[in-house]
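Please read the structure below before turning to the comments.
Convention: sequence-line order gives letters A, B, ...; per-chain numbering from 1. Because only heavy atoms are used, hydrogens play no part in the values below, and waters and symmetry mates are left out as well, while side chains stay in. What you see is a predicted model; the values in this text were computed from it and never measured.
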Protein chains: 4
Amino acid sequence: MPPSKPSSRPLRADARRNQAHILEAAEAVFDTEGPSGSTEAIARRAGVAVGTVFRHFPTKADLIQAVFTARLQRLTDHAVQLQGAEDPGEAFLDFFLGWAELSATKLTFAEALIGEGVDVRALARQDAYLRMRQNLLQAVEGLLQRAQRAGRVRGDVGITELNALLIGTARALEQVRDDPDASARTLEVVLDGLRLRGAPPPDR
Amino acid sequence: MPPSKPSSRPLRADARRNQAHILEAAEAVFDTEGPSGSTEAIARRAGVAVGTVFRHFPTKADLIQAVFTARLQRLTDHAVQLQGAEDPGEAFLDFFLGWAELSATKLTFAEALIGEGVDVRALARQDAYLRMRQNLLQAVEGLLQRAQRAGRVRGDVGITELNALLIGTARALEQVRDDPDASARTLEVVLDGLRLRGAPPPDR
Amino acid sequence: MPPSKPSSRPLRADARRNQAHILEAAEAVFDTEGPSGSTEAIARRAGVAVGTVFRHFPTKADLIQAVFTARLQRLTDHAVQLQGAEDPGEAFLDFFLGWAELSATKLTFAEALIGEGVDVRALARQDAYLRMRQNLLQAVEGLLQRAQRAGRVRGDVGITELNALLIGTARALEQVRDDPDASARTLEVVLDGLRLRGAPPPDR
Amino acid sequence: MPPSKPSSRPLRADARRNQAHILEAAEAVFDTEGPSGSTEAIARRAGVAVGTVFRHFPTKADLIQAVFTARLQRLTDHAVQLQGAEDPGEAFLDFFLGWAELSATKLTFAEALIGEGVDVRALARQDAYLRMRQNLLQAVEGLLQRAQRAGRVRGDVGITELNALLIGTARALEQVRDDPDASARTLEVVLDGLRLRGAPPPDR
DNA sequence: CATGAATGAGGCTTCATTCAT
DNA sequence: CATGAATGAAGCCTCATTCAT
């Protein structure tokens, strides 16, 4: 996901490999230390020099954005893939759990950027992010509406509320990370509020 | 709340005033800029010199802790004061909303510390925090159990789950901060899951 | 010459001493290595830590500006002090030589800033510089006009041309720095062009 | 003009073309941004990759040197071509103006090197430059002596002083770049000092 | 030969913390 | 006790130079 020059020739094999390593390293470091994790640490973890990190992501904000964009992409893929599932309620539940699982321990894009003192440059580059977010929301909305039509989810929640609830639930589950029973009960409350009773405890 | 010298002589009047100013300033700055707000900024806002900040809070972690301890204290006070309310369901709801309101936009203790790279020293000093947290949990548990006995809250959630839900809800409400309707609907889902139906939208 | 807070309380004794050291060190380093001389080198030479340099001059551009402002101040002082001299021609010559001597090897303000990639902030702070420059020009104009009225300097050069000539001469003398005779002859040409014959060779 | 491999096989056509492009690009970039203009920028402007720049000029200092050598060569050519002019005074004046014009806005070799932190290696490689400089000086000396014999230039300036004056004049004219009248008057003073009265203002 | 990715030293700047005044 | 100057590690970023492709 190189931020600039969107349509230059494809990266050399090694460059692509490095880019992936950097992204993984950044994800790991940001998850551990928050967005204040240092570029140096990321480079070290990715097995490259700092300069390489900056060649791929000219700014720390770019790197943060890339990490979150990648995460959004994964969620979008999941949503799309569940699009054709048989049981709409099951599909919706599945996605809800997946998001909660994924987001646990992780930070939100906005939060990360706030922590970085976003500047104009960063904002200018964000339409990639906005588009991605749009994609995700559309895919999720599909799942939501099918589940609502099937009577499995209450009708008065829209994509906005769902989004908020997903993020909040992820945060709630963080708090009980090492108590699977509490985790299940906590999740149960939310699902119940959505009329999605009988959720199985997340298996981990 | 300087962690060292647990029972030194009481502070001089001006010193006590300074300490209060610093705490307020720190709360304001951390809320605005996150835990990476600079000590200098806090000192400036408190109308003192950096040295003074460090005399009262030997470490930035100490200051962060003090801010959160103060916040916990306020919550505890609220819980205790609701202890004797007539309607247990109402009391519980009241507290729930108060917490959500308070936490919105604010950062969690853990989060703040993570952002600061907590070290062992910091952890060792946290028993003041742990004690306070204990107090809060007890007070809240009181509210919860009364509400449960009154049949207003489902019986399978304990203080652990409640804590998680409160934090998560605060985070969820952050996401819809400027849409009062969505905010109400989001809150409704959670309260509904807790069997606390019919909550009025938070008035702001 | 602290750039910000123009009228705060006077600096502590040690701070003032350090500021002077830093300024001297900066002057020396910039003279040797041009404006790309590193802050670290300046700090080392001044016997302080980098942080101290930045406390006094928040930006490298500020430091460069301070160095040049100090230089302009010295020139202005010289011009003012020659204001009351008996022989206007002698006074003018004296000043001319002083400037040439001083400027030799040195860089111009503009040049230095160009080399630094001046930004808006820097420009905003430059009125101090502009005022100083104005002072200098006025003082020099006084010297020039007296010398012209005394018939010692040709009438068709104004302050603008003089300024250009002074800077150019300084640069010319740089080229023959280690050949006093050539230096004298070079200077002679310019003075002669100004009708200021018979200049003694600069004594160094 | 790569300093190493003095007599290697002649360059391939494309290589020679690249070399020329790089040289032009370097000249343009250095003129715009000073010697701190980046190699990358030069490569971009030349339409090649950085690697190519370094193949032709193993060091940035080499590139700077090449740029200035090229400039000297042009001056030398000019001097040689004026060698046979009818009016020695006119020829000399012509050359003087040409140099001043050329040098205006541009940086001197020494200056550029200073800005780069020249090291011993660089100095060791400079004989190409020294030879060229020698050529130029000889050509100019020819012009000078003819003009002196024709009584158009004072006899006590030699090539050394002339060199200094030329550089200084270029610098002086820079200061009045956008005021043609002041420019003419400034130049007049110098030419007058050389006994080269009545010079026409440079036509630009 | 050209390309452009990788390297890593070095530059500027911030900021928690210490300590002389 | 308060002040605010000094310290210096650490962060982000640039760029000359090297080297695999």
Item to check | Nearest-angstrom distance from the residue atom NZ of C:K60 to P of E:dG10 | outcome: 15 Å
Next on the checklist: Using whole Å, what does the distance between atom P of nucleotide F:dG4 and atom CD of C:Q19 come to?
Outcome noted: 16 Å
Checklist entry - Just by modelled atom types, is the D:V48 backbone N or O under 3.5 Å from a matching donor or acceptor in the D:T52 side chain? => result no
Checklist entry - Can you find a pair of side-chain heavy atoms, one from D:F30 and one from D:I42, that are under 4.5 Å apart? => result yes
Checklist entry - Separation of C:E33 atom CD from E:dC12 atom P, in whole Å? => result 11 Å
Checklist outcome for this item: Rounded to whole Å, CZ of A:F57 lies from P of F:dC12 at a distance of 15 Å
Item to check | Spatial distance of atom CZ (C:F57) from atom CG (C:D62) [nearest 0.5 Å] | outcome: 8.5 Å
Item to check | Inter-residue atom distance D:E27.CD - D:I64.CD1, 0.5 Å rounding | outcome: 12.5 Å
Checklist outcome for this item: Per nearest nucleotide of DNA chain E, the residue lying toward the 5' end, A:D14 or C:S38, is A:D14
Checklist entry - Over how many whole Å does the gap from B:I42 atom CD1 to F:dG4 atom C1' extend? => result 17 Å
Checklist entry - For DNA chain E, which residues in residues 43-53 of chain D have a heavy atom at a distance below 4.0 Å? => result D:V48, D:A49, D:V50, D:G51, D:T52
Item to check | D:R55 side-chain N/O to E:dA2 phosphate OP1/OP2 under 4.0 Å | outcome: yes
Checklist entry - Side-chain N or O of A:H56 less than 4.0 angstrom from OP1 or OP2 on E:dA6? => result yes
Item to check | Pair assignment for F:dT21, Watson-Crick or G-U wobble, requiring both distances under 3.5 Å | outcome: E:dA2
Next on the checklist: Closer than 3.5 angstrom, by distance alone: can the side chain of C:K60 be matched with the main-chain N or O of C:P35 as a donor-acceptor pair?
Outcome noted: yes
Checklist outcome for this item: Checking N1-N3 plus N6-O4 or O6-N4 for Watson-Crick, or N1-O2 and O6-N3 for wobble, each under 3.5 Å, the partner of E:dT13 is F:dA10
Checklist entry - Once you round to the nearest 0.5 Å, how far does CD of A:Q19 lie from CD of A:E24? => result 11.5 Å
Checklist entry - OP1 or OP2 of F:dA2 sitting under 4.0 Å from any side-chain N/O of B:N18? => result yes
Checklist entry - Just how far, in rounded Å, is C1' of F:dT17 from CZ of D:F54? => result 5 Å
Next on the checklist: Tell me the interatomic distance from B:I22, atom CD1, to E:dA16, atom P, rounded to whole angstroms.
Outcome noted: 14 Å
Item to check | CA sep, side-chain torsions, deciding dist, call: A:L23, A:L63, side chain to side chain contact (heavy atoms under 4.5 Å, CB included) | outcome: CA-CA 8 Å; A:L23 222 41; A:L63 184 48; 4.2 Å; yes
Item to check | A:E40 CD - F:dG11 P separation (whole Å) | outcome: 7 Å
Next on the checklist: It should be established whether C:T39 places a side-chain nitrogen or oxygen under 4.0 Å from OP1 or OP2 of nucleotide E:dG11.
Outcome noted: no
